[in-house]
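Heavy-atom basis, side chains included; hydrogens, waters and symmetry copies ignored. Predicted model only: the values in this text are computed from it and were never measured. Labels below follow one simple rule: chain letters A, B, ... track the order of the sequence lines, proteins then strands, and each chain is numbered from 1.
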2 protein chains.
Amino acid sequence: MLEPPLSSEVPALRLLIVEDDPMMQLGLEQSLEDNPQLQIVGQTGDGYTAVEMAQQLQPDVIVMDIGLPRLDGIAATQQIKQSLPHVHIVVLTSHTSETEVIAALSSGADAYCIKGTNVDRLLAAIAAAREGATYLDPQIARQVIDHLKPPAPPSNIGQLSQRELEVLKLMVEGMSNPEIAAQLYLSPNTVKTHIRGIMNKLAVDDRVQAAVVALRSGLV
Amino acid sequence: MLEPPLSSEVPALRLLIVEDDPMMQLGLEQSLEDNPQLQIVGQTGDGYTAVEMAQQLQPDVIVMDIGLPRLDGIAATQQIKQSLPHVHIVVLTSHTSETEVIAALSSGADAYCIKGTNVDRLLAAIAAAREGATYLDPQIARQVIDHLKPPAPPSNIGQLSQRELEVLKLMVEGMSNPEIAAQLYLSPNTVKTHIRGIMNKLAVDDRVQAAVVALRSGLV
DNA sequence: GCTAGTATAGTACAAAAGTTTTATGCCGCT
DNA sequence: AGCGGCATAAAACTTTTGTACTATACTAGC
């Protein structure tokens, strides 16, 4: 660890621990409680209570397990972040599956640590989270970064008119020309004309490629 | 910051600084050089030299600017990571644009800091990077997380046969049936048969929807 | 008032795509 | 030896798409 000079005047970081397993809870407490820069202001083992305690205690950081009774850690994170965006959340779990990790981060988690690794990492994660930074455990770092959307390739999709965009969206939904026409109260011929325009502007030859361009450009 | 007890026996972290602007370079050096846990083993202001120095010095961590002469920081990061995956890279730049950030991380950067913020954050980033963890500056953290691909919706794409997958990929590339046939040395009729199979298994009615499912399932 | 861009719609034709059915050879499993 | 899944292929037929060209009407900008 790299330490800046100690400044004793920083107020202690108020921490809420949300952990289901009593053993783990104890272990966490033991590891963290004698750190003078941390103040554990509350503990609970269930998600629903976690949300309530977060609102009452307004901690700086919450260390959050995922597998919790009543309300899982991801849902709890989501709810807390919604009402208290300034409360930062460190997810601490043994799950390393892609879906869990992505779900946690998308729900508003600031940092993600794996149970069983070095306590220093948890401290680093807590410190990062307090500032609103993101800390990702080495075990999942690459996984997350590999899951980033590739930068949208340049396309002329911005040049489409409003109507053309509507048609394109329905096309991506899988509608046929007559279906699109019905949906938009148009003549099928008009739909064709619009699709003509779309394909011209996007410089493609058929609707499949138009749909591909639309998707790759982030027109979800 | 949260500090674990000092263990004086940890060898100093070997750091390479890659920074274009002499003022900034000096500032960085001043900020970091009296930290006993850091050893600045080299400095350069251009990307090409950075790659060479990385190979020669094998630093633990590189602090890398983006706007560099000869070879920009992103390309340098990519090259270094390719030959030296154990060297970790902290990007330090003033660019906060989405494309730059994503490009840097995708190229293998471990951490991303914004110039002008607290030195402590840079130290945190360096510490995280050394372990292979990811640290993202608060200013860009949300941006990155919002850029995560949504979890792939369940699809039967895994049930496609090898051949069907090939055909599907070419279909997504925008090829027509005759073109696919030519590409795979098949009869157009066979291609149709495969597409039949694809559409059945994916439970869609036409190739556009098949392509959409393919893209959304991450078959890029 | 003219022009450019857009939205609308039509006709007619050509080219793909999709449907249905049938058939053969191969492979692995029982 | 037989069955199921796969890859291959064909014929015949329908539907959908795509192309080409034309035309009207509205709007915004010069």
- Query: D:dC26 C1' sits how many Å from A:R163 CZ, rounded?
  - Reply: 14 Å
- Name the nucleic acid region contacted by B:T190, choosing base, sugar-phosphate or nothing; use a 4.0 angstrom heavy-atom cut-off, strictly under. base
- Query: Does D:dG5 have OP1 or OP2 sitting under 4.0 Å from an N or O in the side chain of B:K201?
  - Reply: no
- Would you indicate what B:P188 reaches in the nucleic acid, counting non-hydrogen atoms under 4.0 angstrom: base, sugar-phosphate, or nothing? nothing
- Task: Please tell me if the side chains of B:K81 and B:H88 come closer than 4.5 Å, counting only heavy atoms from C-beta onward.
- Result: yes
- Listed nucleotide nearest any side-chain atom of A:K192, set D:dA9, D:dT17, C:dA17: D:dT17
- Got a donor-acceptor contact below 3.5 angstrom from the B:D72 side chain to the B:A75 backbone? yes
- Query: Looking only at side chains, do B:S217 and B:S155 share a donor and an acceptor under 3.5 Å apart?
  - Reply: yes
- Message: So, OP1 or OP2 of C:dA7: does either fall under 4.0 Å of a side-chain N or O from A:T193?
- Response: no
- Query: Hey, are A:E164 and A:S161 close enough side-chain-wise for a donor-acceptor pair under 3.5 Å?
  - Reply: yes
- Message: If the cut-off is 4.0 Å, is B:S176 near the phosphate of C:dA15, judged by side-chain N/O to OP1 or OP2?
- Response: no
- Tell me: CD1 of B:I198 to C1' of C:dA17, nearest whole Å? 13 Å
- Query: Quick one: A:M175 CE to C:dA17 P, roughly how many Å, whole number?
  - Reply: 22 Å
- Message: Can you see whether A:H86 engages A:Q58 through a side-chain donor-acceptor pair at a distance of less than 3.5 angstrom?
- Response: yes
- Message: Under 4.0 Å, counting only non-hydrogen atoms across every strand here, what does B:N177 touch: a base, just sugar-phosphate, or nothing?
- Response: sugar-phosphate
- Among the candidates C:dA17, C:dA7, D:dT17, find the nucleotide nearest to the side-chain atoms of A:E164. C:dA7
- Message: Is the phosphate of C:dG18 approached by B:R207 (side-chain N or O, under 4.0 Å from OP1 or OP2)?
- Response: yes
- Note on the structure: Rounded to whole Å, CG of B:D206 lies from P of D:dT16 at a distance of 11 Å
- Nearest whole angstrom, please: distance from the P of D:dT17 to the CG of A:L170. 13 Å
- Given atom CD1 of B:I195 and atom P of D:dT16, what is their separation to the nearest angstrom? 17 Å
- Which nucleotide in D:dA7, C:dT6, D:dT8 has an atom nearest any side-chain atom of B:S161: D:dA7
- Item | Nearest-angstrom distance from the residue atom CG of A:N200 to P of D:dG18 | 12 Å
- Note on the structure: Rounded to whole Å, the CD1-P distance (A:I180 to D:dT16) equals 13 Å
- Message: By nearest heavy atom, map B:Y185 and B:L160 onto DNA chain D; which one lands nearer the 5' end?
- Response: B:L160
- Task: Verify the contact: side-chain N or O of A:N189 to OP1 or OP2 of C:dA9, cut-off strictly under 4.0 Å; return yes or no.
- Result: no
